[in-house]
> 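The structure's right below; bear with me while I get my questions together.
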2 protein chains.
Amino acid sequence: MAGRPRLVDVAARAGVSEKTVSNFVNGYPHISASTREKVEAAISELGYRPNLSARSMGRGRTGFIAFAVPGLDNPYFAELAGRVISRAAEERWTVLIEETGGRKTSEDALVDTMPYLVDGIILHPESLTAVDIAERGRDTPIVLIGERDLARSADHVVSDNVAAAREITQHLLDSGRRSIATIGLRPDASLQTSQLRHWGFSAALERMGLVADEDLSVAAEGYARADGDLAMQQILASGKLPDAVLCFNAVVAAGALSRLAREGISVPGRVAVAAFDDIDEAAFMVPPLTTVAWDVGAIADSAVRLLAERQEARTAPVREVSVGYRLEIRASTTGL
Amino acid sequence: MAGRPRLVDVAARAGVSEKTVSNFVNGYPHISASTREKVEAAISELGYRPNLSARSMGRGRTGFIAFAVPGLDNPYFAELAGRVISRAAEERWTVLIEETGGRKTSEDALVDTMPYLVDGIILHPESLTAVDIAERGRDTPIVLIGERDLARSADHVVSDNVAAAREITQHLLDSGRRSIATIGLRPDASLQTSQLRHWGFSAALERMGLVADEDLSVAAEGYARADGDLAMQQILASGKLPDAVLCFNAVVAAGALSRLAREGISVPGRVAVAAFDDIDEAAFMVPPLTTVAWDVGAIADSAVRLLAERQEARTAPVREVSVGYRLEIRASTTGL
DNA sequence: CCCGCGATCTACAGCGCTGTAACGTTCCGC
DNA sequence: GCGGAACGTTACAGCGCTGTAGATCGCGGG
């Protein structure tokens, strides 16, 4: 018995069949007290631990799910990942975190590698590309997190970016701001999150009879703080200083705030700043940042639940769960 | 042939043996061009993908490694995780990210579950407890990230927290600060990172003939921004306002800076602030934060390399790799 | 023309576990 | 006291792949 003990070793030592040990390990209830004791003893004496690969094989399930997000460096996704992990643990799932980074190759690799490795995938797509791919890999259950429009044939957890954008823009308008810049619109693909947020933004303006100033819609290269910094710099350089800035994500907002501080421009005195995604950091920025706070607990919860239920009923009709948000009003848009 | 195609299906279609297909899939070089073609065709026609569980079983290796850190919500660990993931990919490893949260149960579960699931573990321990456990689970190769003293019988990537602390404290002293508070010392366990950093801090003071003021060493409950905020509040409430604050991690520093800003206390005019861990956020804080910047690239690189090499030589002597750091001096300690 | 060798490919026995089917027993309800 | 359900346990055939050992073939040297 070189190497680690196996089921058969435990069985021999306890004087029962392999399957009985297996039953014990898996919590099968109908085992007599005496057998239970013997098996328990044998396991601890031998230090037996089940081989998960073998278990996966026999069972046809792996006990893993994948959680695929653009990038962990964005705290929003890191926080969401944490929630998904703990929620999935309740379903006895181990979570594999995958970073797609929006790169096409990664997204391909994901769908190539994941089946046979995971029981399901929770995908937070960055663009439609990912969604298409995801829908192609129909073998493995997939839950999409994102906009209602994104979903075609997969379960999904939807959020209403347009409505949220409209509401936070309205908040800025309510506080008297009239010239509002935006940072983070990505023009390259349609139907993206930033696109939707921009629509909501425009809609709010239009309702007030205003029109979004093209020049004040600054794109950001990526989702890093440096991108927000640079974008803010561009706005300042343009000459027409807005009285508010709406950032399409909070990380970029951190960069923008940083730039404003270094330029000595008072927030919110001279410029108000608001953003999407209420990451932990937001409340501690200087000044604290007003955000759209998605209900991340509900997102993680719903996603895992949908996956678990799909596991039971593979052919059930596609389902959709909405999650809410609230405005987290802080000093970046209200203080004097 | 219901379900997904298997090796045997591909073999049948290509008119070769199972093993030949297996060889092809695994890059075995001695395969004739004609065979290669047939197999290739069969694979793509059938859309064959290997079953990783089965492969793990046959091979005795899983293709996974675990990267265990206290928590992903700390951007330092999130960033490090990203590096480890991409570096591990080069070794054809998939990384399982585990959050220990410092909870004993998680740490136990880790060592219980991981063997048979991963080929190795990279552990960034929070306390000695984790290290002890890790060393107990000698079946699976483990690489520790942390202090030299922590390591006993496992490969490790070491950083010199004491030296780093001494150096950044010296920087504060050099800029004329004399009353320095610290935030983040955790008194509960010995040999912890925060403990070591505090030693270095004290050492630097002593070299100048100064003594650390006990009252100005404020503990933090956890590693959240709110903890830093609260700690800073306590310092302010104590009545004796220091002229510098050294935070034992950058997240806590964010909270401290936030509090100072809200109280209208100028940084660095009235109080300088410095911290450990040069997370992306640090450069964009208001004001930008001076930090000890570990060479995270080297950390990830070394850890994965040690694990890979240990894989080849299980009985080789334990090895140790040092990684450096540099001071990232920013406005929080220098501006007017 | 035979031998040895490398290149190419195959047969087959596992890897460690679980599902299924089925066995003997005991426990009920009437 | 009997038929049937529930219980406790077992035997065994896979799950899909890989390692090992070995078969086959062509080729150059002797």
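Fair warning: this is a prediction, and the values are worked out from it, not measured in the lab. Chain letters run A, B, ... following the sequence lines, proteins first and then strands; every chain starts at 1.
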> To the nearest Å, give me how far apart CZ (A/F24) and C1' (D/dT9) are.
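Between C1' of D/dT9 and CZ of A/F24: 15 Å.
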> I'd like to know if the side chain of A/D119 and the backbone of A/I65 have a donor-acceptor N/O pair within less than 3.5 Å.
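Here the side-chain-to-backbone pair does not exist.
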> Does the side chain of B/L306 come within less than 4.5 Å of B/R319's, by heavy atoms?
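Yes. Closest side-chain heavy atoms under 4.5 Å.
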> Whether the side chain of A/R310 engages the backbone of A/A316 through a donor-acceptor N/O pair (distance < 3.5 Å, no angle test) should be reported.
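Side chain of A/R310 to backbone of A/A316: a pair is present.
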> Is a side-chain donor or acceptor of A/E99 paired with a backbone partner of A/L72 at a separation under 3.5 angstrom?
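Yes, A/E99 side chain to A/L72 backbone: donor-acceptor pair under 3.5 Å.
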> Looking at A/N74 and A/Y76, would you say the former's side chain and the latter's main chain have a donor-acceptor pair under 3.5 Å?
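Yes; at least one donor-acceptor contact below 3.5 Å.
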> Near DNA chain C, counting only heavy atoms under 4.0 Å, which residues of residues 25-42 of chain A show up?
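Listed by number, they are A/N26.
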> Rounding to a whole Å, what distance do you find between A/R55:CZ and C/dC15:P?
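Spelled out: CZ on A/R55 to P on C/dC15 is 19 Å.
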> Can you check nucleotides 19-26 of chain D for protein contacts, nitrogen or oxygen pairs under 3.5 Å, and list what you find?
from, atom 1, to, atom 2, distance (Å)
D/dG19, N7, B/K19, NZ, 2.8

> Backbone N or O of A/E18 within a donor-acceptor pair of the A/S22 side chain at under 3.5 Å?
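Between the backbone of A/E18 and the side chain of A/S22 there is no qualifying donor-acceptor contact (under 3.5 Å).
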> Would you kindly give the CG-to-P distance between B/N51 and D/dG14, to the nearest whole Å?
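It works out to 17 Å between those atoms.
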> Ignoring backbone atoms, test whether A/T20 places a side-chain nitrogen or oxygen under 4.0 Å from the OP1 or OP2 oxygen of D/dT9.
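It does not, given that no N or O in the side chain of A/T20 lies less than 4.0 Å from OP1 or OP2 of D/dT9.
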> Between P on D/dC7 and CG on A/N23, what's the gap in Å once rounded to a whole number?
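That distance rounds to 14 Å.
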> Nearest-nucleotide wise, let me know which of B/G15 and A/E18 is further upstream toward the 5' end of DNA chain C.
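Counting from the 5' end, the first nearest nucleotide belongs to B/G15.
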> Answer yes or no: is there a donor N or O on one side and an acceptor on the other, between the side chain of B/D73 and the main chain of A/E79, under 3.5 Å?
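Looks like no, no N/O pair under 3.5 Å.
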> Whole-Å distance between C/dC9 P and B/L7 CG?
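After rounding, the reported distance stands at 15 Å.
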> Whole angstrom is fine here: how far is it from CE in A/M57 over to P in D/dG14?
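To the nearest whole Å, that distance equals 13 Å.
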> Would you call A/W93 and A/L307 a side-chain contact if the rule is heavy atoms closer than 4.5 Å?
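Side-chain contact under 4.5 Å: yes.
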> With a 6.0 Å cut-off on ring centres, are A/F77 and A/Y223 close enough?
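Judged by ring-centre distance (under 6.0 Å), A/F77 and A/Y223 do not meet the cut-off.
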